[in-house]
Amino acid sequence: MHRVFVTGATGFVGRAVIQAVRAEGHVVRCLVRRGSEPDLHGFEAIERVEGDVLAPPTTLEAGMAGCDTVIHLVGIIREHPARGVTFDRIHHGATLNVLTAAARAGVRRYVHMSALGAEAHARARYHQTKWAAEEAVRASGLAWTIFRPSVIYGAGDGFISMLARMVRRLPVVPVIGDGSQRLQPVPIEHVAAGFARAVSLETSAKQTYAIAGADVVSIHELLALIATALHRRVRTMAVPLGLMRPMAQAFHRLPSFPVTPDQLLMLEEDNTGDARPFYETFGLTPVPLARGLGDMFR
C-alpha cells in the first residue's frame, strides 16, 4: 500500500484519479485550495491538506509528509494574467515547486500529467510550458513517469461535453477551420487507471507514455459520432481561421469568448499519438470511440 499525494484533485481528471488510486488499495491525500473543498464532496475516505502548488516548497513539503508518491495533475487550458494565472507559472513554476517539495519530503515515486503535443519547439505556449515542466521532471532524480493524454472524454469533461451541448442546442454547429484536424479521444477511465497503476508499476519509471484512444477522427467525424450517440443529426458551418485569428486576439480575454490565440494554434495541429506502449504496459484495452461516446451519453 502506498500513500499518494495528489495535486489537482478537484478537477475532472483529479476526481477520476482519486477513485482509481483508491481502487488499487492506496491511501490518498489531496492538496486542496481554500474554497474548493466542496468539489470533493463524496470523497470522505481521503486525507485533505490545505495548500497551493504556487506556495513555497516548504509549505508543500509539510503537506507531503509521510507520502511516498506524488501524482501531479495541475494544469490550465486558458490563462488569466491579471490574476497571475499563466501557463509558465502553473505548468512550469508549480511543477518545480512540487518537485522540490517531493525531494525534501523523501518522496520516491512521481507521476506527472503532461499533454500530447508537448515538445521543445511547439508552436503553442501551452505545449511549450508543458515541455518545460517535463524537462524539470526528467532532471529531478525521482522515479518519474510522464503521461501525455490526447483529448480526454467522460461525464464532466470540458471539450466533448461542450460539443455535445452544441449538437443538442444549435441548428448549425460552427467548426473552426476546415474541420480536418485529427484527434484521438481517450476515455477518462483509462487515463485514471494509468495513473493509478503507475504508482506500483516499477517498469513504468523513467518512461513517457502517449495516452490516446482507439480511433483517429477529424473534427467533422467526431461531431458525427457525438450526434449518433445523442440520436441527433448535425449540420456544420466552417468558420475560417483567417476570421478567427484577429477576433481571438482582440477578444480572448473576455471569459465568454470561446477560444484564445494559443488554442487556435493547437486547433490547427493534429493531436494523435502511438498509445500501444501505454495499453500494453498498464494492461488496458482500447475502447472504440463510438462505443465510448455511446456509454457517455446513455
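All values below come from the heavy atoms of this structure, side chains included, with hydrogens, waters and symmetry mates left out.
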- [ ] Assign the ring pair Phe257 / Phe251 to parallel, tilted or perpendicular, where the plane angle (0 to 90°) is split at 30° and 60°.
- [x] tilted
Task: Euclidean distance, Ser140 OG relative to His112 NE2, rounded to 0.5 Å - done: 10.5 Å
TODO: Determine the sole option in Leu60, Asp52, Val53 for which the side chain to side chain contact (heavy atoms under 4.5 Å, CB included) test with Asn97 is passed.
DONE: Leu60
TODO: Indicate the ring-plane relationship of Tyr110 and His72, choosing parallel, tilted or perpendicular according to the 30° and 60° boundaries.
DONE: tilted
Task: Backbone N/O of Ala212 and side chain of Gln184: donor-acceptor pair under 3.5 Å - done: no
Open item on the list: Using the rule given for salt bridge (charged side-chain N to carboxylate O under 4.0 Å, His left out), can you reason through Glu202 versus Arg197, listing the C-alpha separation, both sets of side-chain angles and the distance that settles it, and then say yes or no?
Closed with: CA-CA 10 Å; Glu202 297 294 334; Arg197 295 179 185 184; over 6 Å; no
TODO: Assess the pair Phe147 and Phe195: is the distance between their ring centroids shorter than 6.0 Å?
DONE: yes
Open item on the list: Test your reading of the model: is there a side-chain donor-acceptor pair from Gln181 to the backbone of Glu269, 3.5 Å cut-off?
Closed with: no
Open item on the list: Is there a side chain to side chain donor-acceptor pair (under 3.5 Å) between Asn271 and Ser150? Walk through the geometry before answering.
Closed with: CA-CA 6 Å; Asn271 194 248; Ser150 182; 2.8 Å; yes
- [ ] Would you please say whether a donor-acceptor pair under 3.5 Å links the side chains of Ser180 and Asp178?
- [x] yes
Task: cation_pi(Arg125, Trp131) dist<6.0 Å, angle<=45 - done: no
Open item on the list: Using the rule side chain to side chain donor-acceptor pair (under 3.5 Å), only one of Arg148, His91, Glu134 pairs with Ser114; which is it?
Closed with: Glu134
- [ ] Using a strict 4.0 Å threshold on nitrogen-to-oxygen distance, state whether Arg182 and Glu221 make a salt bridge.
- [x] no
TODO: Determine whether more than 12 heavy atoms belonging to other residues, nucleotides or ligands lie under 6.0 Å from atom CZ of Arg138.
DONE: yes
Task: Tyr153 (side chain) donor-acceptor with Phe159 (main chain) under 3.5 angstrom - done: no
TODO: Answer yes when Glu79 and Arg89 have at least one side-chain N-carboxylate O distance shorter than 4.0 Å, and no when they do not.
DONE: no
Open item on the list: Please check: side-chain N/O of Ser161 versus main-chain N/O of Gly158, any donor-acceptor pairing under 3.5 Å?
Closed with: no
Open item on the list: If you define the side chain from C-beta out and look only at heavy atoms, does anything of Cys67 sit under 4.5 Å from Thr69?
Closed with: no
Open item on the list: Closer than 4.0 angstrom, basic N to acidic O: yes or no for Glu119 and Lys130?
Closed with: no
- [ ] For the residue pair Phe278 and Phe282, categorise the inter-ring angle as parallel (less than 30°), tilted (30 to 60°) or perpendicular (more than 60°).
- [x] tilted
Open item on the list: Apply side chain to side chain donor-acceptor pair (under 3.5 Å) to residues Thr260 and His252 and explain how you reach the verdict.
Closed with: CA-CA 5 Å; Thr260 67; His252 72 274; over 6 Å; no
Open item on the list: Do Thr145 and Arg109 pair up side chain to side chain, a donor and an acceptor below 3.5 Å, judged on atom types alone?
Closed with: yes
TODO: Report whether Ile90 and Phe12 are members of the same hydrophobic cluster (ILVMFWY, side-chain heavy atoms less than 4.5 Å apart, transitive linking).
DONE: no
Task: Arg104, CZ: over 12 other non-hydrogen atoms inside 6.0 angstrom - done: yes
